[in-house]
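Each remark here refers to the structure printed beneath this line.
Throughout, protein chains are lettered first and strands after them, A, B, ... in sequence-line order, and every chain is numbered starting at 1.
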Amino acid sequence: MCNNYVQLLEACIASKSLKHGKIIHQHLLKLSNNDFSSTQSLLLDKLTRLYISCNKPQLAERVFNSIHISERKYKIILWNQMIRAYAWDGPFEKAIDLYYEMVDSGVMPTKFTYPFVLKACSALQDVENGVKIHGHVKRLDLGCDVYVCTALVDFYMKCGCLEEAMEVFDRMLERDVVAWNAMISGFSLHGLCWDAIRLVLEMQHMGVNPNSSTVAAILPAIGEAGRWREGKAIHGFCLRRGFDGEEVVGTGLLDVYGKCGWLVYAKRMFGALRFKNEITWTAMIGAFVTCDATTEGLDLFRKMRVEVAVSPSPVMLATVIRGCAKLNDLNIGRQIHCYTIKLAYYCDLMVSNTILSMYAKCGPNNDAIRFFEEMPLKDPVSYSAIISGSVHNGNAEEALQIFLNMRKAGIELELATMMGFLPACSHLAALQHGVCGHGYSIVCGFTADVSICNSLIDMYSKCGKIDMARLVFDKMCERDVVSWNAMMVGYGIHGLAREAISMFHKMLNVGEKPDDITFIALLSACSHSGLVNEGKHWFLSMTQEYNIVPRMDHYFCMVDLLGRAGLLDEAWHFISGMPFEPDAQIWTALLAACRIHKNVELAEEVSNRIQSLEPEGTGNFVLLFNLYTTAQRWNDAAHVRIKQKNLGFKKSPGCSWIEVNGIVHAFVGGDGSHPESGKINKKLEEFLAEMKALGYKPESTFVYQDVEEEEKEKILLHHSEKLAVAFGIISLKPNRPIIVTKNLRVCGDCHAALKYITIITKREITVRDTSRFHHFRNGICSCGEFW
DNA sequence: ATAGGGTTAG
């Protein structure tokens, strides 16, 4: 009877029939009175094998454990197979546990044990156990086995221990193509393109022929590095060897072409492949997205849905969603989002992070934050995406809050998190948080990264610490165009145009090529310092010497430059000579200039143009309104206000904020909601009396309501920037800097008053408004009255 | 073999 069961089980193993196997298992349980141990070990052996072959390692392990311990010792193949089954698709910890159990029960592992258990270690990134197991290998004298050594190389490489991997590899007496491939794919995994290529050449030199796996292993690194020349060379090699028709190689080549921007070649590879699997389709869609042919990519996705009757994989949907984000197409984005819900991919972090980032990029809206809050699983990537997304959508305060929650929840900070956090500090001028971010970046080694340092330069300069920004810049081992641009922008907003220009020359001296943003930085620096002739010079040389076609933004800088300097007619002519239609922003720059230089007639003309171009804007109304009130034309002013109201626009209120002990306190004009409001008002009253004694006269032209003088004085005294400064003075120790940020341009009366306050309090005050910094000290402002 | 988060401009 027993033999019959053995034969039955063997039949089940051969046909991988779990269903029948389970029935037999039940029978055996009944026969043996639910006592496994009395069942013959041969049957248990077969049953274990069956469960392993059906990929049910847990069931297999349970049956295996009922074999008597003395017999289990000799079932080495079963041990190995169970470890393999766990190492295949987890739980990986079980593979490692089983390995130790095996060793502890005195069973000698074989060379077949190690590749499996090491695979489990690399899946878990468990270096500690991997190293311990490496020790066992040495003791068991398996250190020369190609199979085991290749597994060790693969393990070390996947865990990022490149030196250990190389050491094992170098000691190998013989190396087959698989061993070389382990090294090559390891380098490729870490983006070390040149090391991977060097090894391919070396292996050929040693007489080992690369196979199609070698090619497949090296292609991702080539693609990531954008080395299209090497990609083409490998393509040629594949053609000679006949590898190019293989799905894996063909897909890899397609991907390289896509990543290098050679869409035509990518399409040709795709067309030439006889067999296309889902990965091939995904790679092609991704190539379209990367090469800015996103619409075509989405079309291909639809075509695939019709032609191939399989549900798209998470990776494919992530690629498609990336496309929606790039197209700024919330409609299709939402559809794909629904589709992922239908396919139950909502627990796939990669998919949900892509959706999150799409909502953030297509903002500003509340979709991103809502989606984030409802995510069942979140990882550091999700946090990074929502932090940078919130900053991108103009909500830096929210970004800061999420960052602090993240810290509280103990979630690991990654480099990209910092890349979202530092701009949030820049926006808020939250110097204390920014400095913490800098410290943390040093500790984590992030400061070795050029982009992090670029963000630090930006953070310090926007927090008023231009010298610290320069210090970061000077300490960088490596700089890119962004570093120079960020530094120049910093000098520009601090009114240090000369320094910005000198940076530009230094940049040219070290051979860095200026880009379009470099010139925006240069032109806006000139504009803030009133360097009209320099600005004109750079605008011309930008096209003539550097072959950069001026964009709308460059024209904006020029209009701003001419306008601020009072050259209104020239600015007008400059706009008329533009090669394309000026947008509302350009006209607004001119309108702002009209306000500074009190030219009502031109302002009316310009305002009409703005309204025809962009009826939604409110800045236009505000500027015109202010201009009329300054000219005391109250009727015209009222008319503008009525028109604005009828059209349903509200002016965004002036808001100023200051960071005190890591908390950002915000104020609007006349704000009495702050807990310290009583003290703030008292301080301001004191200042008013002292200022008047020093010769201050409230400039009532900056009050845009037609009310009594006394009332005007009160309104002026409670402008948001004065409230924030007063709060700073009463809450910060005398040695702490006072840095206030405002969402609009600083008001003229406040500008005058703050100068007096620096005399009275003997403190330095910094105000950052929308266009630049004002450093007040001893009754003088760094802007030299030019802003 | 395909794959998620990122710096400078107004």
Checklist entry - Have Tyr257(A) and Arg268(A) got a donor and an acceptor in their side chains that come within less than 3.5 Å? => result no

Item to check | Sugar-phosphate only, base, or nothing, as touched by Lys361(A) at under 4.0 Å among non-hydrogen atoms | outcome: sugar-phosphate

Next on the checklist: Heavy atoms from C-beta onward define the side chain here; which of dG5(B), dA1(B), dT8(B) lies closest to that of Pro380(A)?
Outcome noted: dG5(B)

Checklist outcome for this item: Out of dA1(B), dG6(B), dT8(B), minimum distance to the side chain of Val248(A) belongs to dA1(B)

Checklist entry - Counting side-chain heavy atoms from C-beta on, which of dG5(B), dT2(B), dA9(B) comes nearest to Thr282(A)? => result dT2(B)

Item to check | Leu456(A) CG to dT8(B) P, straight-line distance once rounded to whole Å | outcome: 12 Å

Next on the checklist: Side chain of Ser388(A) only, heavy atoms from C-beta on: which candidate in dA9(B), dG6(B), dT8(B) is closest?
Outcome noted: dG6(B)

Checklist outcome for this item: Among the nucleotides dT7(B), dG4(B), dA9(B), whichever has the atom closest to the side chain of Arg551(A) is dA9(B)

Next on the checklist: Base, sugar-phosphate or nothing for Ala318(A)? Non-hydrogen atoms, less than 4.0 Å.
Outcome noted: nothing

Checklist entry - Contact class for Asp515(A) vs. all strands (heavy atom < 4.0 Å): base, sugar-phosphate, or nothing? => result nothing

Item to check | Touch class at under 4.0 angstrom, heavy-atom based, for Pro220(A) against every strand present | outcome: sugar-phosphate

Item to check | Any side-chain donor near an acceptor of the partner, Lys232(A) and Tyr265(A), under 3.5 Å | outcome: yes

Checklist entry - Heavy atoms under 4.0 Å, any strand shown: does Lys276(A) hit a base, just sugar-phosphate, or nothing? => result nothing

Item to check | Phosphate OP1/OP2 of dA9(B) contacted by Lys462(A) side-chain N/O (<4.0 Å) | outcome: yes

Next on the checklist: Walk me through whether Asn393(A) and Ser390(A) qualify under side-chain hydrogen bond (donor to acceptor under 3.5 Å, both in side chains).
Outcome noted: CA-CA 5 Å; Asn393(A) 292 329; Ser390(A) 294; over 6 Å; no

Checklist outcome for this item: Whole-Å distance, Ile493(A) CD1 to dT8(B) C1', equals 11 Å

Item to check | Between Ser451(A) and Asn454(A), a side-chain donor and acceptor under 3.5 Å | outcome: no

Item to check | Nearest-angstrom distance from the residue atom CG of Asp553(A) to C1' of dA9(B) | outcome: 7 Å

Next on the checklist: Does Asp449(A) reach a base, just sugar-phosphate, or nothing at all? Heavy atoms under 4.0 Å.
Outcome noted: base

Next on the checklist: Under 4.0 Å, counting only non-hydrogen atoms across every strand here, what does Asp255(A) touch: a base, just sugar-phosphate, or nothing?
Outcome noted: sugar-phosphate

Checklist entry - Contact class for Asn277(A) vs. all strands (heavy atom < 4.0 Å): base, sugar-phosphate, or nothing? => result base

Next on the checklist: Need one value for Arg479(A): base, sugar-phosphate or nothing, where a base atom within 4.0 Å counts as base even if backbone is also close, heavy atoms only.
Outcome noted: nothing

Checklist entry - Ignoring hydrogens and angles, does a donor from either the side chain of Asp379(A) or the base of dG4(B) sit under 3.5 Å from an acceptor on the other? => result yes

Next on the checklist: Considering every strand and a 4.0 Å limit on heavy-atom distances, what is the contact class for Glu414(A): base, sugar-phosphate, or nothing?
Outcome noted: base

Checklist entry - Can you tell me if Arg305(A) and Tyr339(A) form a side-chain donor-acceptor pair at under 3.5 Å? => result yes

Next on the checklist: Does dA9(B) have OP1 or OP2 under 4.0 Å away from a side-chain N or O of Ser524(A)?
Outcome noted: no

Item to check | Nearest listed nucleotide, side chain of Thr251(A), among dA1(B), dG5(B), dG6(B) | outcome: dA1(B)

Checklist entry - Closer than 4.0 Å, any side-chain N/O of Ser357(A) to the OP1 or OP2 of dG5(B)? => result yes

Checklist entry - When we call it a touch if two heavy atoms are under 4.0 Å apart, what does Ile457(A) touch: a base, just sugar-phosphate, or nothing? => result nothing

Next on the checklist: Students often get this wrong, so: under 4.0 angstrom with heavy atoms, is Ile386(A) touching a base, only sugar-phosphate, or nothing?
Outcome noted: nothing

Checklist entry - Between Lys462(A) and Asp458(A), is the closest basic N to carboxylate O distance under 4.0 Å? => result yes

Checklist entry - Contact class for Ala416(A) vs. all strands (heavy atom < 4.0 Å): base, sugar-phosphate, or nothing? => result base

Checklist entry - With a non-hydrogen cut-off below 4.0 angstrom, is Ile517(A) in contact with a base, only sugar-phosphate, or nothing? => result base

